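Here the structure comes first, spelled out in structure tokens, and everything after it is commentary.
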Amino acid sequence: MAEEHEATENGGVGEPGRGTAGGPAVSVPRGLSSTANHAPKRKLILHMDLNNTILVSDSVTGQGTVAALDYFLTTVTWGRMSKRGRWEWLSESASMFPPSSDAASYYSQFGRLPGFTSAAGRRFKGLLDEHLELLRWPEGIEANRQLSVKGEDGRLYHWILPSFFQLIKDLAREGRDFAIVFRTFGTDLPRVLKAVSRAVEEGAHPLFPDLPELKLSVDMTPGKIRCSKKGIVLSRAEDRLSTCDGERGLYQYLSSVQGLSGFQDHFDWWAANTYSIRGGKPLWIDPFDQDVQHIFIDDNIRQNDEDTIVSPKVFLEPDGSDTRTACTSELYDISLVQTDLLRAISDHSYFTRRVHICLENYESNLQNGTV
């Protein structure tokens with residue numbers, strides 16, 4: 001599976017300009033824009049991946065915190081094979097983008113190998129240790145069954161990144177109408193919903209004890225999104241919608257969600273489509289809708305449409321049912337955010353900053369007649 005994370009040389013994700021791959025902008029009639037002062041009135045729907053976005057562990061592969069972060073570093077460190085067939089490092093720190101056109105991530109060259117920073121990647125051991133320290137559960141605070149996790153080294157870590165809870169707090173403080181929809185291929189969703197409920201509804205997180213004051217609800221029933229050549233079906237409890245009845249219905253459903261909820265997306269469909277945009281997690285975007293903005297945050301979003309994880313479906317007309325699949329580059333840092341896990345660990349305001357960039361870019365493009 002293609003899982004490289006592109007990178008910059010400053011040890012974290014850079015903030016590349018949107019549309020750098022040169023894709024055409026999404027056309028929007030002029031006059032649909034609202035002023036920046038009115039931006040908080042637009043409802044915000046955040047679709048958020050779990051593993052390597054808000055979690056540093058993986059129940060599917062059985063990786064704990066230490067192994068998961070060690071593996072992640074193989075996807076953001078770069079080198080190349082010499083003419084003699086030996087691996088040569090081209091980067092001294094982690095980065096989201098390759099330092100040169102002939103560079104490859106260690107993962108893409110050698111696959112998933114355990115103990116990376118203890119062997120070939122020992123030069124990055126300090127980076128691993130630094131971010132593990134930042135992930136430590138607060139000293140002197142008792143372990144929480146849902147919110148903390150014991151690593152392979154016996155130490156307690158945050159299971160869900162504090163930057164995620166900071167995002168919730170920041171958006172509420174700004175007076176925004178927002179909802180969060182977890183979107184994952186994995187099996188962690190029920191556990192994540194339970195943990196988030198403990199923090200948001202019961203105030204169980206030691207760093208964010210006042211979250212219950214926000215009065216946010218958590219829908220504990222995971223939904224499913226399944227794709228095939230016939231179309232896409234979204235289901236949760238008694239709800240069932242299909243693109244066979246038009247794509248507008250799924251957009252309206254996801255635009256109407258409240259609080260926090262989640263869906264398991266269709267990994268087999270992504271794999272069958274060679275891990276490309278054609279089989280990615282569907283995201284419906286209506287550039288004519290002045291009331292709702294959808295943003296997807298996922299570590300596997302890339303501006304290479306043959307190696308990306310979200311399939312953006314943009315409506316062609318106001319209130320219409322027809323969509324087209326937009327290039328990732330068109331919507332990068334507007335509706336699509338590639339997670340920089342290291343920054344998400346080190347900067348509690350990371351997700352808030354990324355969302356603000358999307359809001360500003362979206363607003364600017366609406367005013368210019370494009371998204």
Side-chain angles (χ1 to χ4, degrees), residues 1-14 16 49-82 85-135 149 151-153 155 157 159 161 184-186 188 267 270-271 274-276 297-304 306-309 338-346 350:
M1 178 170 67
E3 286 185 2
E4 294 134 53
H5 300 244
E6 304 173 344
T8 67
E9 295 238 18
N10 60 4
V13 177
D49 179 39
L50 297 182
N51 296 318
N52 284 348
T53 293
I54 67 168
L55 305 180
V56 189
S57 63
D58 193 336
S59 62
V60 174
T61 62
Q63 290 181 320
T65 304
V66 178
L69 190 54
D70 184 85
Y71 156 70
F72 175 80
L73 290 175
T74 70
T75 69
V76 293
T77 49
W78 305 87
R80 65 187 173 196
M81 298 302 294
S82 70
R86 298 183 62 182
W87 178 254
E88 299 175 339
W89 287 108
L90 296 176
S91 58
E92 294 297 326
S93 61
S95 57
M96 287 291 287
F97 297 96
S100 61
S101 60
D102 61 343
S105 71
Y106 190 86
Y107 170 81
S108 68
Q109 187 68 40
F110 299 105
R112 187 187 292 266
L113 298 174
F116 170 64
T117 57
S118 299
R122 62 179 59 89
R123 64 176 60 197
F124 304 111
K125 182 66 161 60
L127 197 59
L128 174 71
D129 293 341
E130 174 190 349
H131 287 80
L132 285 175
E133 190 63 31
L134 292 169
L135 275 172
V149 62
E152 304 92 313
D153 55 4
R155 302 199 296 179
Y157 294 102
W159 188 53
L161 298 187
T184 179
F185 286 137
D188 282 323
F267 175 80
W270 189 44
T274 63
Y275 310 105
S276 71
I297 304 174
D298 193 304
D299 64 293
N300 278 312
I301 288 172
R302 302 183 190 87
Q303 294 190 66
N304 174 5
E306 293 304 312
D307 181 19
T308 192
I309 202 168
Q338 180 183 6
T339 313
D340 180 347
L341 180 61
L342 299 184
R343 285 193 180 175
I345 291 170
S346 63
Y350 169 75

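Computed from a predicted structure; not experimentally measured.
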The reported gap from OG1 in Thr339 to CG in Asn52 (rounded to nearest 0.5 angstrom) is 8.5 Å
Test item: Val56 and Leu341 side chains (from C-beta on) under 4.5 Å apart, heavy atoms: yes
Can you tell me if Asp70 uses its side chain to pair, donor with acceptor, with the backbone of Phe116 under 3.5 Å? yes
One should read off an interatomic distance between Asp307 CG and Ser276 OG, to the nearest 0.5 angstrom, of 9.0 Å
I'd like to check Ile309 versus Ile301 (side-chain heavy atoms, cut-off strictly below 4.5 Å). Are they in contact? yes
Does any non-hydrogen side-chain atom of Leu69 lie less than 4.5 Å from one of His131? yes
Sorted by chain and residue number, the side chain to side chain contact (heavy atoms under 4.5 Å, CB included) partners of Ala120 (sequence neighbours excluded) come out as Tyr106
Quick one: side chain to side chain contact (heavy atoms under 4.5 Å, CB included) partners of Ser101, sequence neighbours excluded? none
Evaluate the side-chain proximity of Leu90 to Arg80: yes if any heavy-atom separation is below 4.5 Å, no if none is. yes
Please identify each residue that fulfils ring-ring contact (aromatic ring centres under 6.0 Å, His included) with Tyr157, with sequence neighbours left out. none
Starting at CE of Met81, measure out to CG of Asp102 and round the result to the nearest 0.5 Å. 12.5 Å
Backbone N or O of Ala67 within a donor-acceptor pair of the Glu152 side chain at under 3.5 Å? yes
Intermediate values then yes/no, salt bridge (charged side-chain N to carboxylate O under 4.0 Å, His left out), Lys125 and Glu130: CA-CA 9 Å; Lys125 182 66 161 60; Glu130 174 190 349; over 6 Å; no
How many angstroms lie between OH in Tyr107 and CG in Leu73, if you round to the nearest 0.5 Å? 14.5 Å
Might you point out which heavy atoms bring Trp78 and Trp89 nearest each other, and give the distance in Å? O-CE3, 3.3 Å
Contacts of Asn51 meeting side chain to side chain contact (heavy atoms under 4.5 Å, CB included) (sequence neighbours excluded), chain-then-number -> Leu55, Asp58, Asp188
Going by heavy atoms in the side chains, are Ile54 and Ile297 under 4.5 Å from each other? no
Heavy-atom closest contact (Ser82 atom, Glu88 atom, distance): CB-OE2, 3.2 Å
Thr65 side chain to Gly151 backbone, donor-acceptor under 3.5 Å: no
Rounded to the nearest 0.5 Å, what separation is found between the OG1 atom of Thr308 and the CG atom of Asn300? 7.5 Å
Regarding Arg112 and the six-membered ring of Tyr71, is the cationic atom NZ or CZ under 6.0 Å from the ring centre and inside 45° of its axis? yes
Could you state the interatomic distance from CG (Asp129) to CG (Leu134), rounded to the nearest 0.5 Å? 11.0 Å
Hey, what's the ring geometry for Trp87 with Phe110, parallel, tilted or perpendicular (30° and 60° as the breaks)? perpendicular
For Arg123, what residues pass the salt bridge (Lys or Arg N to Asp or Glu O under 4.0 Å) criterion, not counting sequence neighbours? Glu92
Is there a side-chain contact (heavy atoms from CB on, under 4.5 Å) between Leu135 and Leu161 once you walk through the steps? CA-CA 8 Å; Leu135 275 172; Leu161 298 187; 3.4 Å; yes
Closest non-hydrogen contact found for Leu132 with Arg155 is CB-NH2, 4.2 Å
Which pair of non-hydrogen atoms, one from Phe124 and one from Ser93, has the smallest distance, and what is that distance? CE2-N, 3.8 Å
Return the set of residues passing side chain to side chain contact (heavy atoms under 4.5 Å, CB included) with Ser118 (not counting sequence neighbours), or none when no residue passes. none
Quick one: does Thr117's side chain have a donor or acceptor within less than 3.5 Å of a partner on Gly121's backbone? no
Could you tell me which non-hydrogen atom of Leu127 sits nearest to which non-hydrogen atom of Ala94, and how far apart they are? CD2-CB, 3.6 Å
